[in-house]
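Take a look at the structure below.
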Amino acid sequence: MGETRETIGVIGGGQMGSGIAQLAAVSGFDVWLHDSDSGALQRASEGIGAALRKLVSKGKLSELAGTDALNRLRCTSDLEDFRHADVIIEAIIESEDVKKKLFSDLDKLVKPSAILASNTSSISITRLASATRRPAQVIGMHFMNPPPVMKLIEIVRGADTSEVVFSKIKALAERFGKTVICSNDYPGFIVNRILMPMINEAFHALYTGVATKEDIDTGMKLGTNHPMGPLELADFIGLDVCLSIMKVLHQGLGDSRYSPCPLLVQYVDAGRLGRKKGIGVYSYKKELVRAKPVSSL
């Protein structure tokens, strides 16, 4: 994707969207980061600034490069600012209806040559593309969390995604310094087709009393060399996201083995969504530690 003055639009100021925006800015692109919530944009901007300062302090980024990246990043709550973007990457809520509405709106707004990419972790790219008049220019670009750190991007072609668009997005991902894997448009793609049933099975193991949550996670960490156990990872991803993906797998593949574990459903119903809520399978709420009185000698 040659020119450094190309513009990337990112929609969604949460952890994924802000991480993608940071990655794009550091890679030399002009970036517009959009969120309808001005508070989310403020947090995203502050978070990106802090992350860049940390990279500079660790010597992983020069001070000039960090400043340049920040100068290339602009925040907006107005989609009109995306009119001249070359690639738009959405990283909003994992809802097909909401994403389709966004893609339909963008299709009417952005320039004819613009590519619309979705960071969806499981939703059909073909169906998202059907909401536009440019299905050849719609593609899946699934980043792993957190985007600046994780080395993988999963590219997903819809039924009509053109070879030219695929090549451009593959080159963009490589410019981001990522390794690319390619999936056809099946529910869950590659990573979540394999990962989410494992997480779901870990919930079944907990639900049926096979072992404690700690032993399930330790077993997978030390027994299979995973950096996180599946239950801890579910908390990190968000239990609501895990449940949403399991529902997509169950509906799309029509097999009862993809049915979400009742315990996972119950946790989500209770608002126990993981780290972002302070409680999921584990509790992340900081406990008040009372200082012990110092005994006099």
Side-chain angles (χ1 to χ4, degrees), residues 1 3-56 60-61 64-95 98-111 113-121 128 137-150 153 155 168-169 172-173 175-178 238 241 276:
M1 301 211 32
E3 296 295 320
T4 58
R5 303 315 296 177
E6 282 182 313
T7 300
I8 292 179
V10 181
I11 302 179
Q15 189 171 8
M16 292 303 293
S18 61
I20 294 167
Q22 176 187 321
L23 192 58
V26 169
S27 299
F29 293 93
D30 290 333
V31 182
W32 280 102
L33 176 61
H34 175 279
D35 201 291
S36 54
D37 177 356
S38 59
L41 278 181
Q42 181 70 26
R43 290 189 295 274
S45 180
E46 290 171 359
I48 292 169
L52 292 175
R53 286 192 295 275
K54 191 172 182 181
L55 288 172
V56 170
K60 294 182 177 179
L61 197 65
L64 178 60
T67 303
D68 283 349
L70 267 182
N71 289 339
R72 280 192 291 270
L73 175 68
R74 288 164 290 180
C75 295
T76 181
S77 290
D78 187 357
L79 279 180
E80 288 285 334
D81 288 320
F82 283 67
R83 279 193 175 277
H84 303 294
D86 298 289
V87 177
I88 296 98
I89 304 167
E90 71 79 13
I92 62 171
I93 186 171
E94 191 72 350
S95 161
V98 177
K99 288 181 189 292
K100 272 186 170 178
K101 169 75 166 58
L102 174 62
F103 271 49
S104 177
D105 291 345
L106 286 170
D107 183 49
K108 297 179 184 80
L109 175 71
V110 300
K111 63 186 182 183
S113 61
I115 295 170
L116 303 180
S118 175
N119 181 54
T120 179
S121 51
L128 294 181
Q137 291 155 247
V138 178
I139 195 166
M141 198 177 189
H142 180 208
F143 292 76
M144 305 297 125
N145 190 15
V149 176
M150 300 295 278
I153 291 181
I155 295 179
K168 283 183 177 179
I169 293 301
L172 174 61
R175 181 160 164 184
F176 285 168
K178 304 302 184 186
V241 176
K276 61 189 172 187

message: As a quick check of understanding, evaluate side-chain contact (heavy atoms from CB on, under 4.5 Å) for Gln22 and Val31, giving each step before the final call.
response: CA-CA 9 Å; Gln22 176 187 321; Val31 182; over 6 Å; no
message: Using side-chain contact (heavy atoms from CB on, under 4.5 Å), reason through Val241 and Lys276 one step at a time and then give a plain yes or no.
response: CA-CA 12 Å; Val241 176; Lys276 61 189 172 187; 4.2 Å; yes
Between [atom1] of [X] and [atom2] of [Y], what distance do you get to the nearest 0.5 Å?
| X | Y | atom1 | atom2 | result |
| --- | --- | --- | --- | --- |
| Ile11 | Leu79 | CD1 | CG | 5.0 Å |
| Glu90 | Met16 | CD | CE | 10.5 Å |
| Asp81 | Trp32 | CG | CH2 | 4.0 Å |
| Ile88 | Lys111 | CD1 | NZ | 8.5 Å |
| Leu106 | Lys101 | CG | NZ | 10.0 Å |
| Phe29 | Leu172 | CZ | CG | 5.0 Å |

Chi angles and distances behind the side-chain contact (heavy atoms from CB on, under 4.5 Å) call for Leu109, Glu80: CA-CA 7 Å; Leu109 175 71; Glu80 288 285 334; 3.6 Å; yes
task: Report yes or no: does Asn119 contribute a side-chain atom to a donor-acceptor pair with the main-chain N or O of Phe143 at less than 3.5 Å?
output: yes
Sub-4.5 Å side-chain heavy-atom contact between [X] and [Y]:
| X | Y | result |
| --- | --- | --- |
| Leu128 | Lys100 | yes |
| Ile115 | Met141 | no |
| Ser118 | Phe103 | yes |
| His34 | Ile92 | no |

How close do [X] and [Y] get, heavy atom to heavy atom, and via which atoms?
| X | Y | value |
| --- | --- | --- |
| Ala173 | Ile153 | CB-CD1, 3.7 Å |
| Gly13 | Ala44 | O-CB, 3.5 Å |
| Leu73 | Ala21 | CD1-CB, 4.1 Å |
| Thr76 | Asp78 | OG1-N, 2.9 Å |
| Cys75 | Leu41 | CB-CD2, 4.0 Å |
| Gly39 | Asp37 | N-OD1, 2.8 Å |

message: If you apply the rule side-chain contact (heavy atoms from CB on, under 4.5 Å), what do you find for Asp107 with Val138, and how did you get there?
response: CA-CA 10 Å; Asp107 183 49; Val138 178; over 6 Å; no
task: Indicate whether the side chain of Ser104 and that of Lys108 have a donor and an acceptor atom separated by less than 3.5 Å.
output: yes
query: Partners of Met144 by side-chain contact (heavy atoms from CB on, under 4.5 Å), sequence neighbours excluded?
result: His142, Met150, Leu152, Glu154, Val191
